[in-house]
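Predicted model only: the values in this text are computed from it and were never measured.
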Amino acid sequence: KPGVVGIMKRYTWRSLEPTLGQYDFSEIQSDLDWAAAYGMRLIVMIEDKTFTLERPTPAYLDQYTLLNRPGGYTVVRWSPYVVTRMKALVKALGRFDSNPWFEGIATQETAVGFDNATLDANGYTPEKYRDAYIDILSDATVSLPTSRVFWFMNFLSGKQTYIADIAAAVAPLGVAMGGPDILPDDK
């Protein structure tokens, strides 16, 4: 279609890292080959949340991947271990940074979909969540110095104003911000 210059495709974390530290980027490579053939650019969305009963994360993260209220799974993104593993995945994706058809990576929306009891039982604080996102996004700009990093934000449990803190920290690094459910006139 005229004006369309790229696509964004979801890849489950589980498909990209089937076992701890072992990456399978064959689907991304195939999609980049397709993108090149059509003069398109590809954004890789790393899926760590689902709205179906399919686990999006590698089996070694099962204990950190919980049922969410919409009827799927979400990884405990504020866990230091999860942050470390996500940063390792993004660093490994850096192999595509020089590919002219690779536009970059995208996160999923910030809303986790857990009730307060689940959040409390898993050590959640809004500060931990804010800091985890700043860490992951900042590190991604180092791992992908010529590609874009897209951050999809919409809700941060417990302190919505921390979205602005994350934005202030990562905007100077060139992180592109947007996301689902952005309703400017919604109180």
Counting C-beta onward and ignoring hydrogens, is there a side-chain heavy-atom pair between [X] and [Y] closer than 4.5 Å?
X: L93; Y: Y23; value: no
X: V75; Y: P56; value: no
X: T118; Y: L67; value: no
X: I166; Y: M153; value: no
X: R85; Y: L20; value: yes
X: W34; Y: I7; value: yes
X: R41; Y: V5; value: no
X: I28; Y: F96; value: yes

What are the two closest heavy atoms between [X] and [Y], and how far apart are they?
X: T107; Y: F152; value: OG1-N, 3.2 Å
X: P70; Y: G113; value: CD-O, 3.9 Å
X: L173; Y: S138; value: CD1-OG, 3.5 Å
X: I43; Y: I105; value: CG2-C, 4.1 Å
X: L156; Y: Q160; value: N-OE1, 2.8 Å
X: R77; Y: V83; value: O-CG2, 3.4 Å

Do the side chains of [X] and [Y] join up, straight or via other hydrophobic residues, at under 4.5 Å, putting them in one cluster?
X: F25; Y: M40; value: yes
X: F102; Y: Y38; value: yes
X: L16; Y: Y73; value: no

Quick one: pull up [atom1] in [X] and [atom2] in [Y] and give me the separation to the nearest 0.5 Å.
X: K49; Y: T57; atom1: NZ; atom2: OG1; result: 13.5 Å
X: S30; Y: L42; atom1: OG; atom2: CG; result: 10.5 Å
X: T74; Y: L66; atom1: OG1; atom2: CG; result: 8.0 Å
X: E54; Y: T12; atom1: CD; atom2: OG1; result: 6.0 Å
X: K87; Y: D139; atom1: NZ; atom2: CG; result: 4.5 Å
X: K9; Y: M45; atom1: NZ; atom2: CE; result: 13.5 Å

Excluding sequence neighbours, so at least two apart, what forms ring pair (Phe, Tyr, Trp, His ring centres under 6.0 Å) with F150? none
Output all residues satisfying ring pair (Phe, Tyr, Trp, His ring centres under 6.0 Å) with Y129, sequence neighbours left out; order by chain, then residue number.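 Expected list: W78, Y124, Y133.
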Report yes or no: does [X] contribute a side-chain atom to a donor-acceptor pair with the main-chain N or O of [Y] at less than 3.5 Å?
X: T65; Y: L61; answer: yes
X: N154; Y: A111; answer: yes
X: E27; Y: D31; answer: no
X: D24; Y: T19; answer: no

How about R55: does its CZ atom have over 12 heavy atoms from other parts shown lying under 6.0 Å from it?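 Yes, CZ of R55 has more than 12 neighbouring heavy atoms, counting only those of other groups under 6.0 Å.
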How far apart are the C-alpha atoms of L119 and V112, what are their side-chain angles, what is the distance that settles it, and do they pass the side-chain contact (heavy atoms from CB on, under 4.5 Å) test? CA-CA 9 Å; L119 291 170; V112 291; 4.0 Å; yes
Test log, rule side chain to side chain donor-acceptor pair (under 3.5 Å), inputs T146 and D97: CA-CA 6 Å; T146 62; D97 191 54; 2.8 Å; yes
Test T110 against W151 for side-chain contact (heavy atoms from CB on, under 4.5 Å), laying out the working first. CA-CA 9 Å; T110 54; W151 170 45; 3.4 Å; yes
salt_bridge(D135, K128) N-O dist < 4.0 Å: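 Salt bridge: no.
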Classify the angle between the aromatic ring planes of Y60 and Y81 as parallel (below 30°), tilted (30 to 60°) or perpendicular (above 60°).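 Perpendicular: the ring planes of Y60 and Y81 meet at over 60°.
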